[in-house]
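Structure first, commentary second.
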Amino acid sequence: METFDYVIIGAGSAGSVLANRLGEDSANRICVLEAGGKDWHPYIHLPAGFIKTFHMKSVNWAYQQEPGPWTGGRSIYAPRGKTLGGSSSINGHIYNRGQRQDFDTWAQQGNRGWGYPDILPYFKRLERRIGEGDETFRGRDGKLTVTTMDWNDPLCEAFMEGAVSLGIPRNPDYNGAIQEGVSYCQRTIENGLRMSAAKAFLHPARKRGNVDVRTHAHVTNIIFEGKRAVGVRYLKGGKGGTPVEVRASKEVILSGGAYNSPQVLQLSGVGSPELLQSHGIEVRHALPGVGEGLQDHYAPRSVARVKNIQTINELRRGLSLWVEALKWATTRRGLLSLSPTMVYCFWHSGETTESSDLQLTFTPASYKEGVQGQLEDEPGMTVASWQQRPESRGYVRIRSADPFAAPIIQTNYLVEEIDRRVVVAGMKLARRLLASKPLAPYYAYEDFPGPKVQSDDEFLAAATERGTTTFHPGCTCRMGPADTKWAVVDDQLRVHGLQGLRVVDASIMPRMISANLNASTLMIADKASDMIRGKTAPEAVKFAEPA
Ligand SMILES: Cc1cc2nc3c(=O)[nH]c(=O)nc-3n(C[C@H](O)[C@H](O)[C@H](O)COP(=O)(O)OP(=O)(O)OC[C@H]3O[C@@H](n4cnc5c(N)ncnc54)[C@H](O)[C@@H]3O)c2cc1C
């Protein structure tokens, strides 16, 4: 059996950063096991390819969630990257870190070293920010390029002016001192191409020679000796493939993402004894929090029909598309270089006492049944709105002992009343934004939820009918002190009660943050790499005044 120092399960956002950082020590030998294939497909790299990879099973786990009590009986689609770079290879490119308060809350829950001043240096050291940004908050020398949306579109400008007319100020950098306001999106796109975690971190790491990346390596379980993780079993070639075992002399690191990390733990006998026994799996280590606590952002998409101007719905067809293709080929700009969202707006619902609790996005395009993936034919513009820090929690549980069976994903969107109230407030704000005076020259009429929807109950019914995931699952292997019932890992990301095993990915978040999750997942992995290597953490940032 081959032995490495570290075996990393999953070459996604977190796995890519880990491979890079751990590989900086030339003495370390690292094996990265990825269930998906190489990230060669052009649709991964072309930003507008998002709409294609959204359903492309060769690079996407393409899960379905269980219908929830507030999803109108619908099973919501849950795409997840299954290729080098993981979800960062199929995501919407948005770079959004979250608010100071998000991480301070993690620290307040007993997680030492995870407050905002502690984690800010990692955000900074990871990024190569091109564009606006105060040096207290932004990094210029990292490997992850972050640019600002550079498409001049009168609809985006009018939307932003509309926000200003409602008292929401323009914010030049929502990843800076404050998040609130309306801004053009910051994206992980460089020179018209996607900057995935694989591109920024994994591929450069492979060139060093001590990182062995194995694709089509579907991990079935972690191998234990007593309470110590000593290796990993996988099927080479995926389902029906050859079983292979690799040993880890130092550590096994699980970076399978918020759905698959708990699944791999449960398949390995780590989790709730009742769940494991119900599937005939021997309990290696009872840890009831595994898979519990799932959170995600739930977004209804409000749509208005557009007049007097072309939207992306028409630009992506016929001659216009050819013109755009030519533009991309010659200048790397235009429609094909765009992320699916262009403007961000952070504001208050008035329903909670916390800082801005609403995130709204604007796109001069609209989607069939409000789900990203298929553009409508008639001109449209969309405002998606969601509660930044929902209270509702669900779970991820294995469906069977078969490692190829999709896990049961129940997010329980909107089960907490406060979430319903904030989502309704978000839809009302979306209506006001779309109907604002600066957008009036282009605004034909509201298509969804439509003018008949007026009362809170009617808005809620519309949200139930059409809300979708924003693809931000987290919190399924939560970080917390050992004496909490739900915690799976400690603040060093070591699995409670076991040795030689850490979980490092979006699943360790104890609570949902006010952001899309790629930036923070990269940060988590970078911080974890220092812990694993025994390196002193960078000095916490000292703010001259409250940020
Ligand atoms: C469609 C979509 C749009 C998104 N848009 C944005 C956005 O615009 N901005 C943003 O910040 N975030 C966005 N996200 C979310 C963000 O990309 C993820 O939160 C982040 O990439 C999660 O990183 P991770 O390391 O936790 O998991 P992942 O990046 O998903 O990595 C997990 C890896 O583990 C592999 N794996 C899983 N199980 C096994 C197994 N059994 N054996 C071997 N390998 C396995 C997977 O194939 C995958 O490569 C989006 C996500 C999606 C799906």
Side-chain angles (χ1 to χ4, degrees), residues 7-18 32-37 39 47 50-51 53-56 59-63 77-98 144 146 185-189 194 196-198 201-202 213-222 232-235 238 253-265 267-268 296-297 339-341 344 361 371-373 403-404 406-407 468-477 503-509 513 515-525 528:
V7 177
I8 300 171
I9 303 170
S13 296
S16 296
V17 172
L18 285 168
V32 185
L33 300 172
E34 169 54 47
D39 56 341
F50 170 87
I51 210 134
T53 56
F54 194 80
H55 287 291
M56 223 164 84
V59 298
N60 194 327
W61 293 87
Y63 288 134
Y77 177 58
R80 288 279 96 191
K82 187 183 182 185
T83 181
L84 298 183
S87 297
S88 79
S89 287
I90 66 161
N91 74 10
H93 316 89
I94 298 300
Y95 183 81
N96 178 16
R97 295 173 176 175
L144 184 84
V146 179
C185 283
Q186 296 177 22
R187 313 115 7 122
T188 44
I189 294 176
R194 176 189 293 277
S196 69
F201 302 102
L202 188 67
V213 179
R214 300 183 180 181
T215 50
H216 299 294
H218 190 115
V219 170
T220 56
N221 61 292
I222 297 162
V232 175
R233 194 171 290 121
Y234 68 92
L235 288 182
I253 305 165
L254 180 52
S255 299
Y259 296 146
N260 295 107
S261 282
Q263 181 192 32
V264 170
L265 284 175
L267 290 169
S268 309
D296 191 6
H297 293 126
S339 51
T341 305
Y344 260 26
T361 67
V371 182
Q372 280 177 321
F404 291 91
T468 61
T469 172
T470 53
F471 327 112
H472 304 153
C475 315
T476 50
C477 298
V503 181
V504 180
D505 58 28
S507 62
I508 69 94
M509 297 185 185
I513 58 170
N516 319 55
L517 300 192
N518 191 38
S520 51
T521 304
L522 300 171
M523 175 278 290
I524 288 166

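Below, all heavy atoms of this structure are taken into account, side chains as well, without hydrogens, waters or symmetry copies. In this text, all values refer to a predicted model and were calculated from it rather than measured experimentally. Start at 1 and go down the list; that is how both ligands and their atoms are numbered.
Set against the non-hydrogen atoms of Gly81, the atoms of ligand 1 under 4.0 Å away are 46 (C), 47 (O), 48 (C), 49 (O).
Under the 30°/60° scheme for interplanar angles, the aromatic rings of Phe404 and His218 are found to be tilted. Using cut-offs of 30° and 60° for the angle between ring planes, the Tyr63 and Trp61 rings count as parallel.
Neither side chain, Ser89 nor Asp39, offers a donor N or O lying under 3.5 Å from an acceptor on the other. Looking only at atom types and distance, the side chain of Ser13 has a donor-acceptor partner in the side chain of Asn518 under 3.5 Å away.
Considering backbone and side-chain atoms together, Asp505 places no N or O closer than 3.5 Å to any N or O of ligand 1. Where the criterion is an N or O separation shorter than 3.5 Å, residue side chain and backbone included, Ser87 meets it with respect to ligand 1. Polar contact check, Ile90 against ligand 1: no nitrogen or oxygen pair lies under 3.5 Å apart. By the 3.5 Å distance cut-off applied to N or O atoms, Asn91 is counted among the residues near ligand 1. Between Gly92 and ligand 1, at least one pair of N/O atoms sits closer than 3.5 Å. Note: an N/O pair closer than 3.5 Å links Ala35 and ligand 1 by distance alone. For a threshold of 3.5 Å applied to N or O pairs, the pair formed by Ile9 and ligand 1 contains no separation below that value. Residue Glu34 has at least one N or O atom closer than 3.5 Å to an N or O atom of ligand 1.
Although no hydrogens or angles enter the test, the distance criterion places a donor-acceptor pair under 3.5 Å between the side chain of Thr53 and the main chain of Phe50. Under a 3.5 Å cut-off, the side chain of Asn221 and the backbone N or O of Arg233 do not form any donor-acceptor pair. Looking at Arg187, its side chain never comes within 3.5 Å of a backbone N or O of Thr341 through a donor-acceptor pair. Checked by atom type and distance alone, the side chain of Ser255 never pairs as donor or acceptor with a backbone atom of Asp505 at under 3.5 Å. In this structure, Ser339 contributes its side chain and His93 its backbone to no donor-acceptor pair below 3.5 Å.
Among all protein heavy atoms, the one lying closest to atom 42 (N) of ligand 1 is Val219 N, 2.9 Å. Of the protein's non-hydrogen atoms, the one nearest atom 11 (O) of ligand 1 is Asn518 N, 2.8 Å.
Within the structure, the closest approach of Thr83 to ligand 1 falls below 4.0 Å when heavy atoms are considered. Judged by the shortest distance from any of its heavy atoms, Ser255 lies inside the 4.0 Å radius around the atoms of ligand 1. Heavy atoms of Thr521 approach ligand 1 to within less than 4.0 angstrom. Residue Tyr234 places no heavy atom under 4.0 Å from ligand 1.
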